[in-house]
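Notes follow once the structure below has been shown.
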Amino acid sequence: MLTATSIPSLWRLARVEYDDVRKRPVLLYPEGAVLLNDTGAAILKLVDGQRSVGDIARMLSERYNGADGADPTEILNDVTAYLSTLADRELIRDQ
Amino acid sequence: MTSERPTTLLAELTHRCPLHCPYCSNPLDLVRAEREISTEDWKRVITEARALGVLQLGLSGGEPLVRKDTEELAAHARSLGLYSTLVTSGLGLTRARAEKFRDAGLEHIQISLQDADDDNAERIAGVRSVKQKRAAAALVRELGFAFSVNVVLHKANLDRIQQIIDLAAEMGADRLELANTQYYGWGLVNRDALMPTREQVDRAFEIAERAKQAHRGRMQILFVLPDYYEKYPKACYGGWGKVYLVVTPDGKVLPCHGATNITTIAYPNVREHSMEWIWQESPLFNAFRGDSWMKSPCSTCERKCIDFGGCRCQAFALTGDAAMADPICTLSPHHHIIESALADANATTPFTYRKFSSEPQPA
């Protein structure tokens with residue numbers, strides 16, 4: 001389970017590609033693919049092995065500032081949960 | 001017609017291979033070089049597969065490096081955004097070719113190992129190969145490819161699973177696939193020689209589970225159980241014609257690499273049809289979609305949406321009817337076939353090595 005201070009990085013075997021057949025972003029890795037929604041893709045775009053989970057949540061909060069349901073605590077929880085799920089599958093590494 | 005989109009294409013570029021492994025998943029009737037489809041055919045297959053939705057490409061065989069156009073196909077796949085894996089024995093992966101693959105944008109190379117014990121590894125492969133595999137693995141690491149090691153497990157190497165895991169870690173693998181033998185093609189011919197005992201499987205499973213935790217974050221370990229010891233059958237590739245396609249060296253398109261044994265339905269071929277037609281319209285791909293084809297006990301079983309009646313190829317190979325329940329299932333009326341195969345697991349039987357029909361058996 002990641003926390004706000006974890007520094008996530010994408011597994012070096014994985015990359016995000018836009019699938020123009022399904023019209024959505026997709027995370028590709030050996031023998032597998034995860035279809036991403038826009039939120040997932042926005043989170044992964046900010047994962048660079050430098051920023052913490054908290055940094056990523058803050059950047060997304062600022063981006064969605066004023067939008068409905070954009071509560072910073074809620075966004076932090078969502079980002080943490082999302083990246084933790086990918087970490088369980090070893091697609092995200094905690095440095 | 002189906003609304004499903006395939007995600008994975010296994011391109012069996014050739015059946016030619018320097019190894020003779022007795023569990024090979026290729027069919028007994030191997031396709032000869034003169035019947036292989038051309039570079040242009042493969043490029044069209046890959047382009048059409050991407051248009052259908054394929055995201056993952058396995059460049060496989062046989063030994064895919066026997067063909068001289070494998071780099072060109074890897075470059076073509078990368079230009080379409082595909083994630084490609086070269087599935088190789090390691091034999092033939094020279095520095096010059098490895099660099100060409102890197103320049104082509106190939107991302108992932110999977111090298112097979114037969115055992116951690118060198119003599120036994122070469123006995124299983126039927127050929128001197130250990131030194132070349134080690135050199136190939138070092139090259140894959142040096143050039144920065146994503147690197148998987150694949151080991152097919154069976155009676156003759158399962159007891160060295162710890163040493164196999166240690167060897168893969170020492171080679172610097174990112175992933176280790178420990179896949180128990182599947183009994184199709186050559187594997188079925190050699191079933192008595194390959195079938196492990198339950199004690200062997202249980203011990204190996206425990207070691208693999210511990211190693212998964214120990215290597216977490218450095219080397220991902222996958223352990224595929226032998227289905228003969230399972231209570232229910234596996235859901236082959238998420239169900240027939242749902243996510244997976246295989247193209248054979250002579251252009252046949254199959255929902256599973258075991259399907260060349262199903263002799264009752266015509267195989268569609270890329271020489272005659274588009275991938276779109278084959279996926280959507282061909283009788284073979286539609287034969288076992290949905291559940292209207294199912295017989296008892298599958299048709300009324302609550303698990304039919306979980307395992308789809310198991311593997312059609314295994315049902316055909318063992319019962320002669322591809323619409324039967326996979327005999328792996330303890331509910332199958334043919335389950336006694338599995339039980340008697342397991343009863344023979346202690347037998348000592350020599351290997352029948354994989355070969356083209358006119359080749360002599362390796363020493």
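Residue numbers start from 1 in every chain, and the chains themselves are labelled A, B, ... in the order their sequence lines are given, proteins ahead of strands. Just so you know, these numbers use all the heavy atoms, side chains as well, and skip hydrogens, waters and symmetry mates.
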Residue pairs involving residues 204-218 of chain B (criterion side-chain hydrogen bond (donor to acceptor under 3.5 Å, both in side chains); sequence neighbours excluded): B/Glu209-B/Lys212
Contacting region of B/Leu57 [heavy-atom separation from chain A under 4.5 Å]: neither
Working for side chain to side chain contact (heavy atoms under 4.5 Å, CB included), residues A/Glu31 and B/Tyr83: CA-CA 9 Å; A/Glu31 320 282 334; B/Tyr83 193 108; over 6 Å; no
Residues, nucleotides or ligands: over 12 heavy atoms within 6.0 Å of A/Asp38 CG: no
Residues, nucleotides or ligands: over 12 heavy atoms within 6.0 Å of B/Lys100 NZ: no
Proximity of residues 172-181 of chain B to chain A, residues having a non-hydrogen atom under 4.5 angstrom: B/Asp174, B/Arg175, B/Glu177
B/Thr7 and A/Arg22, any side-chain heavy atoms less than 4.5 Å apart: yes
Sub-4.5 Å side-chain heavy-atom contact between B/Ile221 and A/Glu90: no
Contact class of A/Asp94 relative to chain B, heavy atoms under 4.5 angstrom: neither
Spacing of CG belonging to B/Leu55 relative to CD belonging to A/Glu17, to within rounding of 0.5 Å: 8.5 Å
Inter-residue atom distance B/Glu107.CD - A/Leu13.CG, 0.5 Å rounding: 9.0 Å
Salt bridge (Lys or Arg N to Asp or Glu O under 4.0 Å) between B/Arg5 and A/Asp19, worked out: CA-CA 12 Å; B/Arg5 293 190 178 282; A/Asp19 177 3; over 6 Å; no
Closest non-hydrogen atom pair, B/Phe147 against A/Arg12: N-NH2, 4.5 Å
Among the listed options B/Ser148, B/Ala146, B/Gly58, the residue most often paired with chain A at heavy-atom distances under 4.5 Å: B/Ala146
B/Gln56 side-chain N/O to A/Tyr29 backbone N/O, donor-acceptor pair under 3.5 Å: yes
